[in-house]
Number of protein chains: 2
Amino acid sequence: MIEKVYVTNRCPIRTTLELTGGKWKLLILSQLFQKSLRLSELKASIPDISEKMLIQELKTLVESGMVLRTNYGEVPPRVVYSLTRVGEATKPLIAAMKDFAEAYEQQLKER
Amino acid sequence: MIEKVYVTNRCPIRTTLELTGGKWKLLILSQLFQKSLRLSELKASIPDISEKMLIQELKTLVESGMVLRTNYGEVPPRVVYSLTRVGEATKPLIAAMKDFAEAYEQQLKER
DNA sequence: CCGCATCCTACACGATACTG
DNA sequence: CAGTATCGTGTAGGATGCGG
């Protein structure tokens, strides 16, 4: 099929946007790169995120298979979030975003 | 310490999201990689985009310095959109999205 | 052909309070 | 600590029509 299809149904850009789009998902994933984190740690590490959004986004990330939720069933509760293999596949994506942001700000200075 | 600062003010992820976020900007940019395009060509190459959104997003892309708008001042009008240098800097980003989408769908098959 | 002006709706996102 | 539940709002995105 022809090139027009590129942006159509299984367009990788649209797929990625569906999985990682929105204001918070990539920020959450980026915090999990280094180590697994508890909810409270995530909240503390991401300025301005509300608890509702954090939980809500974590839920969708778990459902889409990017994040693993581990409940240790203790009292008081201990729940740890970590990246799955697919979740780790966002690493180059975030790296590319970092590169782009730097290139963009560099360009601002030159003008 | 959880790298608290990483995600704060000049966080590259937030910067990139501000510049390229939303449903359409990256799709538009990706169409301009190969060659410059007129509005009508862009509209034809991106399924489901409304003319309003296309024009609106192009405007912000021009304002943020990612796209160059060239008006040939002819009758009938001929206006061509092309990538600036910074606009081209999104290429690795989109490539990373493509890679991720493929990795994700691959993972789906394996399970 | 290219673009602007309205009007409108849906949902992403937020504030707050409450539970095991 | 880790969640639900509820309610409210801003704005991204869409439909339509007009104009140079």
Side-chain angles (χ1 to χ4, degrees), chain A residues 7-8 11 13-14 16-32 35-64 66-82, chain B residues 2 7-8 11 13-32 35-64 66-82:
Chain A
V7 132
T8 323
C11 165
I13 301 181
R14 299 208 197 212
T16 302
L17 284 180
E18 280 171 19
L19 290 166
T20 67
K23 194 173 173 181
W24 300 113
K25 291 195 194 68
L26 288 172
L27 291 173
I28 294 172
L29 291 171
S30 76
Q31 295 304 309
L32 295 176
K35 52 179 268 201
S36 306
L37 292 173
R38 305 175 64 164
L39 183 72
S40 51
E41 294 173 316
L42 274 171
K43 182 162 163 50
S45 72
I46 304 178
D48 298 334
I49 195 172
S50 70
E51 212 172 271
K52 176 200 161 187
M53 285 313 295
L54 180 54
I55 293 177
Q56 179 177 302
E57 296 298 78
L58 278 170
K59 214 168 181 177
T60 80
L61 288 171
V62 168
E63 283 168 3
S64 60
M66 319 246 295
V67 166
L68 180 67
R69 178 183 185 275
T70 306
N71 186 350
Y72 288 91
E74 301 174 353
V75 177
R78 187 160 69 100
V79 177
V80 170
Y81 293 92
S82 55
Chain B
I2 318 177
V7 130
T8 323
C11 165
I13 300 179
R14 299 207 197 211
T15 300
T16 302
L17 285 180
E18 280 171 18
L19 290 167
T20 67
K23 195 172 171 180
W24 301 112
K25 292 195 193 71
L26 287 172
L27 291 172
I28 295 172
L29 291 170
S30 75
Q31 294 304 309
L32 295 176
K35 53 178 268 200
S36 307
L37 291 174
R38 305 175 61 165
L39 183 73
S40 50
E41 295 173 316
L42 273 170
K43 182 162 163 49
S45 72
I46 306 178
D48 297 336
I49 194 170
S50 69
E51 213 172 270
K52 176 202 161 186
M53 286 313 295
L54 181 54
I55 293 177
Q56 179 177 301
E57 296 298 79
L58 279 170
K59 211 169 183 178
T60 79
L61 288 172
V62 169
E63 284 168 2
S64 60
M66 318 246 296
V67 166
L68 181 67
R69 178 183 184 273
T70 306
N71 186 349
Y72 288 90
E74 301 172 355
V75 177
R78 188 161 68 100
V79 177
V80 171
Y81 293 92
S82 55

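Lettering of chains follows the sequences in order, A, B, ..., and the numbering in each one begins at 1.
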Q. If you round to the nearest 0.5 Å, how far is CD of Glu63(A) from CZ of Arg69(A)?
A. 11.5 Å
Q: Give one of base, sugar-phosphate or nothing for Lys25(A), where a contact means two heavy atoms less than 4.0 Å apart.
A: nothing
Q. For the helix from dG3(C)-dC18(D) to dG20(C)-dC1(D), what is the angle between the axes at its two ends, each from 5 pairs, rounded to 10°?
A. 40°
Q. Can you check side chain to side chain contact (heavy atoms under 4.5 Å, CB included) on Leu58(A) and Leu39(A), steps first, answer last?
A. CA-CA 9 Å; Leu58(A) 278 170; Leu39(A) 183 72; 3.7 Å; yes
**Q.** Spacing of CG belonging to Leu27(A) relative to CG belonging to Leu32(A), to within rounding of 0.5 Å
**A.** 11.0 Å
Q.
Measure CG/Leu17(B) against C1'/dA12(D) and give the value in whole Å, please.
A. 15 Å
**Q.** Gap between atom CD of Glu57(A) and atom CH2 of Trp24(A) - 0.5 Å precision
**A.** 9.5 Å
Q. Hey, does the side chain of Ser64(A) reach the backbone of Leu61(A) with a donor-acceptor pair shorter than 3.5 angstrom?
A. yes
Q. Which pair of non-hydrogen atoms, one from Ile49(B) and one from Ile46(B), has the smallest distance, and what is that distance?
A. CG2-O, 3.2 Å
Q: For dA2(D), take OP1 and OP2 only and decide whether either is under 4.0 Å from a side-chain N or O of Arg78(A).
A: no
Q. For Met53(B) and dA15(D), what is the distance between atoms CE and C1' respectively, to the nearest whole Å?
A. 13 Å
Q. Of the non-hydrogen atoms in Leu37(B) and Gln31(B), which two are nearest, and what is the gap between them?
A. CD1-O, 3.4 Å
Q) Taking atom CD of Glu41(B) and atom OG of Ser36(B), what is their separation to the nearest 0.5 Å? A) 9.5 Å
Q: Tell me, please, which residues at least two apart from Lys43(A) pass side-chain contact (heavy atoms from CB on, under 4.5 Å).
A: Glu51(A), Leu54(A)
Give me the distances for all protein-to-nucleotides 16-20 of chain D N/O pairs that come in under 3.5 Å?
none

Q.
Quick check against the 3.5 Å criterion: does Thr20(B) have a side-chain atom that pairs as donor or acceptor with the backbone of Leu17(B)?
A. no
Q | Separation of atom CD1 in Ile28(B) from atom C1' in dG13(D), rounded to whole Å | A | 13 Å
(Q) Expressed as a whole number of angstroms, how long is the span from Lys23(A):NZ to dA12(D):P? (A) 11 Å
Q) Earliest and latest nucleotide of DNA chain C, 5' to 3', sitting under 4.0 Å from a non-hydrogen atom of chain A? A) dC13(C) to dG20(C)
Q: May I have the distance from Glu18(B) (atom CD) to dT11(D) (atom P), rounded to whole angstrom?
A: 14 Å
Q. In chain order, what residues pass the side-chain contact (heavy atoms from CB on, under 4.5 Å) check against Ser40(A), with sequence neighbours excluded?
A. Arg38(A)
(Q) Between C1' on dC1(D) and NZ on Lys43(A), what's the gap in Å once rounded to a whole number? (A) 13 Å
(Q) Please classify the nucleic acid contact of Leu39(B) as base, sugar-phosphate, or nothing, using heavy-atom distances under 4.0 Å. (A) sugar-phosphate
Q: Calculate the interatomic distance between Lys59(B) atom NZ and dA12(D) atom C1'; express it in whole Å.
A: 16 Å
Q. Is the shortest heavy-atom distance from the side chain of Arg78(B) to the side chain of Thr70(B) under 4.5 Å?
A. no
Q) Roughly how far, to the nearest 0.5 Å, is the OH atom of Tyr81(B) from the CG atom of Leu29(B)? A) 13.0 Å
Q. Which heavy-atom pair separates Tyr72(A) from Val80(A) by the least distance, and what is that distance?
A. CE1-CG2, 3.8 Å
Q: Within residues 66-74 of chain A, find the residues that approach DNA chain D with a heavy atom at under 4.0 Å, and present them sorted by residue number.
A: Arg69(A)
